[in-house]
Amino acid sequence: ILSKEDKMEIEDELIDRFGDIPKQARNVIEVALIKALAHDKGIFELNQKGENLAIKFERDRVDLQKILEEYLPLFNKVVEEVDSENKQGV
């Protein structure tokens, strides 16, 4: 997945073949897009464990404040969806 268009094409293909996409699969697709977009901006690694987010980036290509403002809400969205789903299953 290299763009939002790629993401939409993959989702459409999965829906055509299998019906509704589970939230877990949507999260995997979303994270793949986030990582691809981040890579284009000089970030070469994004890892989230629980509430911690590790970002490795090329210092001379990245405005860290801008990146945090842009990407942190996206990761939080994915985590919140997973957390709310886990709570329902308990």
Glu30 bridged to Lys7 by N-O distance under 4.0 Å: yes

Let me confirm one number: the CG-CD1 distance from Asn27 to Ile21, rounded to the nearest 0.5 Å. 11.5 Å

Distance check, rounded to the nearest 0.5 Å: Asp6 atom CG versus Met8 atom CE? 9.5 Å

All side chain to side chain donor-acceptor pair (under 3.5 Å) counterparts of Glu9, not counting sequence neighbours: none

Taking CG in Leu2 as the centre, count heavy atoms belonging to other residues, nucleotides or ligands within less than 6.0 Å. Is the count above 12? no

Indicate the atoms forming the closest heavy-atom contact of Phe44 with Glu58, along with that distance. CE2-N, 4.0 Å

Find the distance between CD (Glu11) and CG (Asp16) and round it off to the nearest 0.5 Å. 12.0 Å

Going through the distances and angles, do Ile29 and Leu14 end up as a side chain to side chain contact (heavy atoms under 4.5 Å, CB included)? CA-CA 11 Å; Ile29 294 167; Leu14 289 172; 3.7 Å; yes

Supply the atom-to-atom distance Ile1 CD1 to Ile10 CD1, rounded to the nearest 0.5 angstrom. 3.5 Å

Looking at side-chain heavy atoms only, is the closest gap between Ile43 and Leu46 below 4.5 Å? yes

Taking atom CG as the centre, does Asp40 end up with more than 12 heavy-atom neighbours from other residues, nucleotides or ligands that are less than 6.0 angstrom away? yes

